[in-house]
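Taking it in order: structure first as structure tokens, then the write-up.
In what follows, every chain begins at residue 1, and chains take the letters A, B, ... in the order their sequences are listed.
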Amino acid sequence: MTDSAKPTLLVVDGHSLAYRAFFALPVDNFSTKDGQHTNGIYGFLSMLINLIKAEKPTHLAVAFDTSRQSFRTREYTEYKANRSESPSEFKGQIPLLQDCLAAMSIQVLQKEDFEADDILATLATQGAEQGFDVLVCSGDRDTIQLVNEDITLLYPNVQGVSQLKRYDRQAVIDRYGVPPEQYPDIAALVGETSDNLPGVPKVGEKTAVKWITQFGSLDALLENADKVTGVVGNNLREHLDDVRRNRTLNRLLRDVELPLTIDDLEVQPMDAQGVRDIFSRLEFKTLIPRVAELAGIEQQMAAVASAAAVDAPVAAELAPADLASWLERSSGEVGVTITIEGGLPRRIGLATAAAAVESDWSAETAASIQPWLSGDAPKIFSDAKPQLKALARAGATVGGLAFDTIVAGWLLRPSFPDKTLADLVDRFLDEKLPEADPTQLVPETEGATPGQLSWYTLRVTEALRGEMEPAVSAVLLDIELPTLVTLAEMELAGVTVSHAKLSAFSVELAERADGIAQEAYATIGREVNLGSPKQLQEVLFEELQLPKTRKTKTGYSTDAAVLADLQEQAPHPFLDQLLQHREATKLRQIIESLDTAIDADERVHTTYVQTGSQTGRLSSTDPNLQNIPVRTQESRRIRAAFEVGAGYDTLLTADYSQIEMRIMAHLSEDPGLIEAFNSGEDLHRFVGARVFGVDPADVTNAMRTKVKAMSYGLVYGLSAFGLSKQLRIEQAEAKQLMMEYFNRFGAVRDYLRSSVEQARIDGYTATIFGRRRPFPDLTSPNRVLRENAERAALNAPIQGSAADIMKIALFRIHREFAAEQLHSRVLMQIHDELVVEVADGEWDAAERIVRERMGDAAALSVPLDVQIGRGGDWDEAAH
DNA sequence: GGCATAACGTA
DNA sequence: CGTACGTTATGCCC
């Protein structure tokens, strides 16, 4: 412990200690949900808090390096030249760490051209002169030279930064055999690999100490180098200049000009609000109380917390008529919450920043607020779609949708599982939304009421807006919210599915599956569960002794690709029977799930999950209408069960052809690819002609298949390995194909490379319209993680831009149908395809609107080609 | 009932 | 060792 009569100055090397923490703590456990790595920050702060608690410094500073360049690199260009660039996950943490220190009112020092250790040396020297007990905390051994009666070094041990070893003068002598001021002499002789400073070959600490002790000083040793015998003596004589250089470079400067004095380092009260804000942002929940305790600011912290966690206002229960007058008196945006029971509105809660009101939903309520609800007055929801649907069922329409917290939260962090307002309150306000405990019959805690939920919705909105870049905000307002309204109506509309067609097919398939199963049992001489991969493995690899296949977590794969391979290597009738059985049962499953989803109106109402993907695509559940089979002739019988509904004339399908390749052409500006799309020639034929150097007319089917696989693979970040597997060709041939392809379409390769590089720099990808997707793993040292991220980052702008374009087309079609007072309506979206139910006499108008709005949804450097089909059912309408 | 896994359907 | 999804049955857990 330090002498309590003397003030204590603690100076810390922020860079070296945070760097150690970075490698000591697993990055996976220390990342915010949006992917910001915090292990270095956390480790450093944790250490610093412990240090302050133990040492109680009166004065404190943390020094950082400014860059790798310093006066030392100018003197000796090789200095530290062997160090690899510090990982960008680490670099990004330094500014955040400095923000934390600023909030904790701790002085941060850095100076161009000097290293952190020079600043430490200067401060320590000044502090000692001014009568301080000085503690230097650094992970750099050069700071050993600073130790004297007044200056103690705290040096992290190998495990990390949690344990600091205390070096006073005696401890240095005990450990290194020389007093601190002579340690740089030892280091100069031995050299410092991490600084790229070679020493005398074969000379380690032992020899160096022996020499210094024997000759008394480094200078004396160098003058008498001829007296040193043996191989090491020769080595010494040959490396005198290296030693002198090392000694020059490892001397820390003690007279760096600094913009402040030791007095300025006096420990200051922390900014409780600031600490809370930045620590919350970094999700340092446990550090907050530790800092608070340290600073003696529990009270302030608690005050800040409770000031932030304002209790929701008690929502006043209003009579229906009073809702309208309350709304008239309110101004600005209103938070809206509709609770739903049996698909219909049950209660409504409204809130402004100042107050909340609520009411049961009734005909009177509806009448009272309908003018406001359907008008342009701005309304903010959390997960608006089900609420809009419930209102619509009750005959109420909503205008002026200004924000949706769930959709906004997803746009900011598409990888998050935030699906409820409670999640967002937790994450963005760092508060708990009051929730009734569902496990208790009589809950101790009351859940928030609709009015209060609306109030929280407004507060979360404010927090979300604070984080939204204008471009992302534009995606919300210009794409997502109009899409949301459209999706609500599509879900309400549903699509007619013929139970009769499905059940007939299902029976056929069931009979066939049974028949195949019996044959299969006969083949292998026993009954197994053909749906159990586990039992199949026994049959295939033990009983039938077929060659082992691709490994899975639990054994060997029995998937279709593997079974097809096996059939070639070691043909066996069981394999084909199994494949056929799978096909029949799979189709039957899909039919059954579809059939049970048919509602009383004979229609299937899927739910489109607007926040269901990381790229911007929709997903579809209950049932999933985006994976209805289409590949085989037989499976299209399922599509044939999707029929035009009563009161309508026909189905229209419209799909974008090769939209992702077109986006690729646009983004890469590849002249060849752009020409391909402008030429009117079949894309793959055109590309094949270029790649194989033949006339388009002479492109064979095999050639076309290959370039088609290549083109599509590009969008997914394919490898030669993957391509060879897909096409069942040699890897060398796949490699050759890729080379030829890129020779002809070089800009495509350039674009793909540069787009991943840009994402690595930015930390996210962006679509043409500004939708972002973060990719923290692009700089991961873990190769698997990094390469997975690279492929996903390659694909995200392309898939995402296609999704943006389809959404824009979709809601514009929806709006134009309404504007032209058509009864026709969009029913389904399958990523690049729309299915429209066309009313009597509206074909021409509907076809024109769909074609035009899909065609002009985005202005790319190539046209957007739209294929349209017509028929009484989905299969017929396909073209 | 809840969970992970393998398999497979779509764009 | 090609992206993005959702659903199903099995097999295991409690």
Side-chain angles (χ1 to χ4, degrees), chain A residues 414-415 528-537 549-563 578-579 581-594 596-597 606-632 635-636 638-639 655-661 663-664 709-727 731 734-735 738 752 765 773 775 783-784 787-803 806 828-834 874:
Chain A
S415 63
V528 289
N529 185 340
L530 294 173
S532 164
K534 194 169 173 257
Q535 295 181 33
L536 286 175
Q537 284 175 49
T549 61
R550 178 171 60 83
K551 275 195 182 152
T552 66
K553 265 182 194 169
T554 52
Y556 296 95
S557 172
T558 67
D559 71 22
V562 154
L563 295 184
L578 176 54
L579 281 169
H581 184 262
R582 282 233 180 105
E583 197 178 318
T585 49
K586 179 74 183 177
L587 281 185
R588 190 157 173 268
Q589 273 170 23
I590 292 172
I591 290 166
E592 286 303 310
S593 64
L594 204 52
T596 52
T606 186
T607 302
Y608 290 104
V609 185
Q610 199 170 0
T611 58
S613 81
Q614 301 202 41
T615 53
R617 276 191 176 180
L618 304 175
S619 73
S620 159
T621 63
D622 303 311
N624 181 357
L625 296 187
Q626 292 179 322
N627 72 340
I628 303 299
V630 68
R631 270 185 37 254
T632 65
S635 69
R636 279 182 225 127
I638 302 180
R639 292 199 169 208
D655 61 56
Y656 282 121
S657 55
Q658 299 129 353
I659 188 168
E660 295 191 338
M661 282 302 286
I663 289 165
M664 178 97 93
M710 172 81 201
S711 288
Y712 278 101
L714 279 179
V715 181
Y716 304 140
L718 100 173
S719 61
F721 177 88
L723 188 63
S724 73
K725 218 154 171 216
Q726 155 99 19
L727 290 172
Q731 257 195 74
K735 204 169 266 177
M738 290 179 77
L752 292 171
T765 58
R773 177 173 170 190
F775 279 102
R783 197 174 119 190
V784 176
E787 290 181 346
N788 285 341
E790 284 171 352
R791 285 191 300 275
L794 204 86
N795 174 264
I798 299 170
Q799 189 184 116
S801 295
M806 180 50 112
M828 293 195 277
Q829 189 258 39
I830 308 97
H831 307 309
D832 64 1
E833 174 183 6
L834 296 179
W874 193 7

Looking at [N], I'd like to know if its phosphate oxygens (OP1 or OP2) sit under 4.0 Å from a side-chain N or O belonging to [X].
X	N	answer
A:T615	C:dA4	no
A:R773	C:dA4	yes
A:S719	C:dG2	yes
A:S557	B:dA6	no
A:R617	C:dA4	no
A:R582	B:dC8	yes

Closer than 3.5 angstrom, by distance alone: can the side chain of [X] be matched with the main-chain N or O of [Y] as a donor-acceptor pair?
X	Y	value
A:T596	A:S593	yes
A:N795	A:V715	yes
A:R636	A:P629	no

ask   = On a plain distance test, is the side chain of A:Q726 in donor-acceptor contact with the base of C:dG2 below 3.5 Å?
value =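 Answer yes: a donor N or O sits under 3.5 Å from an acceptor.
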### Task
Would you state whether a donor and an acceptor, one from the side chain of A:N624 and one from the base of C:dG6, lie under 3.5 Å apart?
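Such a pair does not exist between side chain and base.
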request  = Classify the side-chain pair A:S613/A:R773 by whether it contains a donor and acceptor separated by less than 3.5 Å.
outcome  =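 No pair is found: no donor N or O on one side chain lies under 3.5 Å from an acceptor on the other.
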- Query: Taking atom types as modelled and ignoring hydrogens, do the side chains of A:S557 and A:T552 form a donor-acceptor contact shorter than 3.5 angstrom?
  - Reply: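 Per modelled atom types, A:S557 and A:T552 side chains form no pair under 3.5 Å.
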Go through the steps for A:I663 and A:Q799 under the test side chain to side chain contact (heavy atoms under 4.5 Å, CB included), then give the verdict. CA-CA 9 Å; A:I663 289 165; A:Q799 189 184 116; over 6 Å; no
Could you go through nucleotides 10-12 of chain C and list every protein N or O atom that sits under 3.5 Å from one of its N or O atoms, giving the distance for each pair?
residue : atom : partner : partner atom : Å
C:dT10  : OP1  : A:N529  : ND2          : 2.9
C:dT10  : O3'  : A:S532  : OG           : 3.2
C:dG11  : OP1  : A:S532  : OG           : 2.3
C:dG11  : OP1  : A:Q535  : NE2          : 3.3
C:dC12  : OP1  : A:K534  : NZ           : 3.3

Can you figure out which of C:dG6, C:dG2, C:dA9 approaches the side chain of A:Y712 most closely?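 Closest of the options to the side chain of A:Y712: C:dG2.
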Which part of the nucleic acid does [X] contact within heavy-atom distance under 4.0 Å: base, sugar-phosphate only, or nothing?
X	result
A:T585	nothing
A:A720	nothing
A:S635	nothing
A:Q589	sugar-phosphate
A:E833	nothing
A:G717	sugar-phosphate
A:V609	nothing

Point to revise | Protein-nucleotide distance (A:L530, atom CG; B:dC8, atom P), rounded to Å | key: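 Computing the A:L530:CG to B:dC8:P distance gives 13 Å.
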Next on the checklist: Just the rounded figure in Å: distance from C1' of B:dT10 to CG of A:L587.
Outcome noted: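 Going from CG in A:L587 over to C1' in B:dT10 covers 13 Å.
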Between protein and nucleic acid, restricted to nucleotides 2-5 of chain B and to nitrogen or oxygen atoms under 3.5 Å apart, what atom pairs and distances do you find?
residue : atom : partner : partner atom : Å
B:dT5   : OP1  : A:K553  : NZ           : 3.4

key: Ionic contact status for A:R617 with A:E660, cut-off 4.0 Å   =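 The answer is yes: the pair qualifies as a salt bridge.
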Tell me the side-chain hydrogen bond (donor to acceptor under 3.5 Å, both in side chains) pairs involving residues 715-727 of chain A, sequence neighbours left out?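 Listed once each, the pairs would be none.
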